[in-house]
Amino acid sequence: MAQEDLFKKIVSHCKEYGYVFQSSEIYDGLSAVYDYGQYGVELKNNIKKYWWDSMVLLHENIVGLDSAIFMHPTVWKASGHVDAFSDPLVDNKDSKKRYRADVLIEDRMAKFEAKIDKEIIKARKRFGDSFDEAQFRETNQRVLDNQVKLNELNSRFVKALNDSDLEELKQIILDYEIACPVSGTRNWTDVRQFNLMFSTEMGSTAEGASKVYLRPETAQGIFVNYLNVQKTGRMKLPFGIAQIGKAFRNEIVARQFIFRMREFEQMEMQFFVRPGEEMKWFVHWKEFRMNWHKSLGFGADNYRFHDHDKLAHYANAATDVEFKFPFGFKEVEGIHSRTDYDLKQHEEFSGRKIQFFDPELNESYVPYVVETSIGVDRMFLQIISSSYCEEEIEKNDGSKDSRIVLKLPAFLAPVKLAVFPLVRKDGLPDIARKIIDELKFDFYCQYDEKDSIGKRYRRHDAIGTPFCVTVDHQSVEDGTVTIRHRDSMDQERVKIENLKNIIGEKVSMKEILKRLAI
RNA sequence: GCGGGAGUAGCUCAGCGGUAGAGCAUCAGCCUUCCAAGCUGAGGGUCGCGGGUUCGAAUCUCGUUUCCCGCUCCA
C-alpha cells in the first residue's frame, strides 16, 4: 500500500472511530485545529501519563509544574520570541520564493556600499599613499551620489520598520527595483507580517487593556518559575522541572493532520545543571529519551537522531528524535542544550538574580539548561500510525477475510476490556454486567451485546481494545469466561475472579516503567 | 501565502442542467451461532457556504472556506 494512501486511511480511521475530529466541523472546520474524540482523549491522557510517570515518578530530582498560558508580555521580549517570530515577508510571484522583506532591502543597501567601496579602491590605486579617503568621500561625485541614495534608502527603511509600515516596505522594494535573486523579476506580492504568536487583550476596558500573548512554548513558564521551585522544593543542582501544556503558534503553513497544529500540546522538561556539565547531561537525556521511545516497541529502525548543524541563538547543542511517519522521517522530540541564555535574559529583563548557590563550589552562578521537548500530538500520531494494521485472516472454512486492528500497546489503549454475553438470554447478560461492575474501578470497560460475536470482536479491534471477555453457557455452570487477545485472536478460558489480576497486570504501565528505570 | 487537485449520508463513492442514489455503518425487532457479511423495518443529506446565469443548478460560472499534493520553519 502506498504510504500516502495509508496516511489517508489513518486519518479516516481516526474520525470514524472517535479518535480525532476537525475543530468546528459543522462550520466547515477551522484550519489546523483538531479535537480529540471519546477514544482520542483516553489515548492522549495515557500518553501524557506515560511521559509524566517516566520523568517525574522515576526521577527524584525532577518535579512538575503547571504554569499559565498567559504570561507577562516582557517574558516574550526576553525570550526573543517577539523579534524572532514576526518577520515581514514577501513572495516573488514568478519564482514562488519567499523572502524576508528587511533582508532584501538590507542586501540592496549593501550594493550601494559596495559601489562606494569600489570607487575608493580604484582611487586608492590611482593616488597611492597620498590618498585621503575622508576627503575623497566628500568630493567624489559618484561616491556622493551613492551615499545620498544609501542614506535616503536607509532612513526610509528604518522609519518603515519602526512604524511597521508594510506598504512602505513594499514601495521601497519597488522604488529601488529590487529583483528576485532566483527569477530576476520584480513581480512581488504585498509585504505581509507573519506574527507567529497569537495575541489577545487582557483587561476589561479598551484604555486599560494590554496586549498579551498565548505562549508559543511551555519552556518559559518553567524558566520564570525557576527560583520558586528551586527554593520551595529545596532543589539542588542538577534538577529538572517537567510540564505538560498547550502552546500556540500561528503557523503560515499548517498541515499534515495533527502533525502541525496551531494549538498543540507539549511535554517539556528543563534540566538545570552546573555550567560545563551540560554536554554530559545532553548525552544522558538523549539516551534516556530514545529508550523511552523505543520501549513502545514500534521497531528501533523507525527512530533516528537528527543532530542540528545550524543552532538556534540560545543553544550550543541540539538534536531531534525523528520517527518514520507514513510521510517520512519527521521530528517528534527536540533535545537542546540551551546554555544559560534563557535564565540570563530573564535576569536582565526582570532585574532579578536568577542563580544557584553551589555549596560544593562555594559560589553562585546561573545554571545551564538541557531541555527535552516533545509534542503530545505528534506522539499520538506516531502511536496511531504504528498501531494501524490491515490484516488478512483465514476463516474457519478456509476462505479469506480481513480486519482492521489498532495494535496499541495495552497500557495506552483507551478501552482495556470489552465484555460480551455470547447470546442475549439465559442470564448471560447479567453475568457480563456483573463482571464490568467489578472491574470498572480498575480500568475502562465496555459492554456490547449487539450483533454477532465476531462483529463485536472486530468493532473492538478497530478501536484497539486489547482484551475481550465472552460470557457463554459454560460460565453459568463453572464461573469461567474466555479472554480473547486482540493481536493473536487466541482465546483462553479463565475463572471470573482471576480476571482482575490477569488483565490488570497486562494493561499496567508498571513493567515498562521498571525497564526504563534501569 | 503561492501554484495544482478535490468537497454529495458516519465511511467509500456514483449521478454532471429536469422530483437526491448505492454499498458499508447506525438504530429497533427477530434469529442464537466464539471471529464482520441471516431476516424485517427505521432514521439520516437544503449535494461545503454565498452570489450569478437559467423557466429550472448537486451539475455551468464567480467568490469564499475546508481538505489533499508541492515550496519554508518548527513541538
Side-chain angles (χ1 to χ4, degrees), chain A residues 4 7-9 11-13 15-18 21-33 84-85 87 89-100 182 189-192 194 196 216-219 246-249 251-261 264-268 308 310 312 320-321 327 330-336 371-379 381 393-396 399 401-405 420-426 428 449-462 468-474 481-482 484 486 489-491 493:
Chain A
E4 205 175 281
F7 186 53
K8 276 186 183 165
K9 283 183 175 178
V11 174
S12 299
H13 194 85
K15 186 191 172 185
E16 193 168 356
Y17 290 94
F21 307 123
Q22 191 178 17
S23 165
S24 319
E25 200 188 311
I26 62 168
Y27 292 103
D28 289 334
L30 187 62
S31 185
V33 184
F85 269 37
D87 303 325
L89 299 177
V90 62
D91 294 288
N92 184 274
K93 290 179 188 169
D94 298 312
S95 65
K96 312 286 180 215
K97 291 287 173 192
R98 167 166 293 167
Y99 300 93
R100 280 176 54 175
V182 174
T189 63
D190 286 340
V191 176
R192 289 167 304 243
F194 287 97
L196 255 40
E217 64 174 27
T218 51
K246 289 278 179 91
F248 304 83
R249 287 184 198 175
E251 296 286 347
I252 304 160
V253 176
R255 229 182 274 160
Q256 274 164 328
F257 196 41
I258 55 170
F259 185 79
R260 181 174 289 109
M261 298 199 288
F264 60 104
E265 198 158 6
Q266 291 184 311
M267 303 188 284
E268 292 200 317
H308 291 206
K310 239 176 79 183
D320 297 335
V321 177
F327 42 86
K330 296 280 181 184
E331 178 185 358
V332 286
E333 172 156 12
I335 298 156
H336 306 128
E371 162 190 83
T372 73
S373 174
I374 174 169
V376 179
D377 312 281
R378 290 184 178 185
M379 273 312 293
L381 185 57
I393 49 178
E394 197 164 309
K395 293 173 89 166
N396 286 341
S399 63
D401 198 4
S402 66
R403 67 165 185 163
I404 292 175
V405 50
F420 314 139
L422 183 62
V423 293
R424 214 186 325 184
K425 59 180 185 185
D426 305 330
L428 303 191
E449 59 174 27
K450 177 78 184 158
D451 299 311
S452 73
I453 193 75
K455 209 163 190 171
R456 285 177 263 169
Y457 286 147
R458 297 306 171 80
R459 272 204 285 264
H460 278 277
D461 285 342
C468 294
V469 158
T470 299
V471 177
D472 56 15
H473 291 95
Q474 194 181 329
V481 291
T482 58
R484 181 261 197 185
R486 178 195 63 201
M489 295 169 68
D490 290 340
Q491 284 175 266
R493 185 165 283 274

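Here the structure is a predicted model, which means the values were calculated and not measured. Proteins come first, then strands; the chains are lettered A, B, ... in the order of their sequence lines, and each starts at number 1.
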Separation of the [atom1] atoms in [N] and [M], to the nearest angstrom:
N	M	atom1	answer
B/G15	B/A6	P	14 Å
B/G44	B/A22	P	15 Å
B/C11	B/A25	C1'	7 Å
B/G41	B/U8	C1'	26 Å
B/A20	B/C13	P	24 Å
B/C67	B/U61	C1'	23 Å
B/G23	B/C71	P	42 Å
B/A58	B/G50	P	12 Å

Tell me: [atom1] of [X] to [atom2] of [N], nearest whole Å?
X	N	atom1	atom2	result
A/Lys15	B/U66	NZ	P	16 Å
A/Arg458	B/A37	CZ	P	9 Å
A/Met489	B/A36	CE	P	7 Å
A/Lys450	B/A25	NZ	P	11 Å
A/Asp426	B/U33	CG	P	9 Å
A/Tyr457	B/C35	OH	C1'	7 Å
A/Arg459	B/A25	CZ	P	9 Å
A/Ile374	B/C74	CD1	C1'	15 Å

With sequence neighbours excluded, tell me which residues meet side chain to side chain donor-acceptor pair (under 3.5 Å) with A/Arg403.
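Only A/Glu391, A/Asp461 meet the side chain to side chain donor-acceptor pair (under 3.5 Å) criterion with A/Arg403.
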Return the minimal non-hydrogen interatomic distance between [X] and [Y], and the atom names on each side.
X	Y	value
A/Thr372	A/Glu333	CB-OE2, 3.5 Å
A/Glu331	A/Asp320	OE2-OD1, 3.2 Å
A/Phe259	A/Lys330	CZ-CB, 3.4 Å
A/Leu428	A/Val471	CD1-O, 3.6 Å
A/Glu268	A/Ala219	OE1-N, 2.6 Å

Looking at [N], I'd like to know if its phosphate oxygens (OP1 or OP2) sit under 4.0 Å from a side-chain N or O belonging to [X].
X	N	answer
A/Gln22	B/U66	no
A/Ser452	B/U32	no
A/Arg260	B/U72	no
A/Lys455	B/C35	no

Measure the acute angle between the ring planes of A/Phe257 and A/Phe7, then classify it against the limits of 30° and 60° as parallel, tilted or perpendicular.
perpendicular
Which is true for [X] with a 4.0 Å heavy-atom rule: it touches a base, it touches only sugar-phosphate, or it touches nothing?
X	answer
A/Glu268	nothing
A/Leu422	base
A/Val332	sugar-phosphate
A/Thr470	base
A/Thr218	nothing
A/Arg456	nothing
A/Asp320	nothing
A/Phe257	sugar-phosphate
A/Glu333	sugar-phosphate

Could you walk me through whether A/His473 and A/Val423 pass the side-chain contact (heavy atoms from CB on, under 4.5 Å) test, one step at a time?
CA-CA 9 Å; A/His473 291 95; A/Val423 293; 3.9 Å; yes
Do we count A/Phe264 as stacking onto B/A75 if the rule is ring centres under 5.5 Å and planes under 30°?
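Answer is yes, a stack.
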Against A/Lys450, only a single residue in A/Arg456, A/Arg459, A/Lys455 fulfils side-chain contact (heavy atoms from CB on, under 4.5 Å); can you say which?
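Output: one option passes, namely A/Arg459.
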Decide yes or no on side-chain contact (heavy atoms from CB on, under 4.5 Å) for A/Phe420 and A/His460, but give the supporting numbers first.
CA-CA 11 Å; A/Phe420 314 139; A/His460 278 277; 3.7 Å; yes
Any N/O donor-acceptor pair, A/Glu331 side-chain to B/C74 base, under 3.5 Å:
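No.
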Select one nucleotide: of [options], the one nearest the side-chain heavy atoms of [X].
X	options	answer
A/Ser12	B/U12, B/A75, B/C34	B/U12
A/Gln491	B/C11, B/U32, B/C35	B/C35
A/Lys8	B/C74, B/C68, B/C11	B/C68

If you find the nucleotide of RNA chain B closest to A/Arg378 and the one closest to A/Arg403, which residue's nucleotide is nearer the 5' end?
A/Arg403
Starting at the 5' end of RNA chain B, write a dot or bracket for each base, bracketing those in Watson-Crick or G-U wobble pairs whose two distances are under 3.5 Å and using | for partners on another strand.
((((((((.[[[[.)..(..]]]].(((((.......))))).....[[[[[..)....]]]]])))))))....
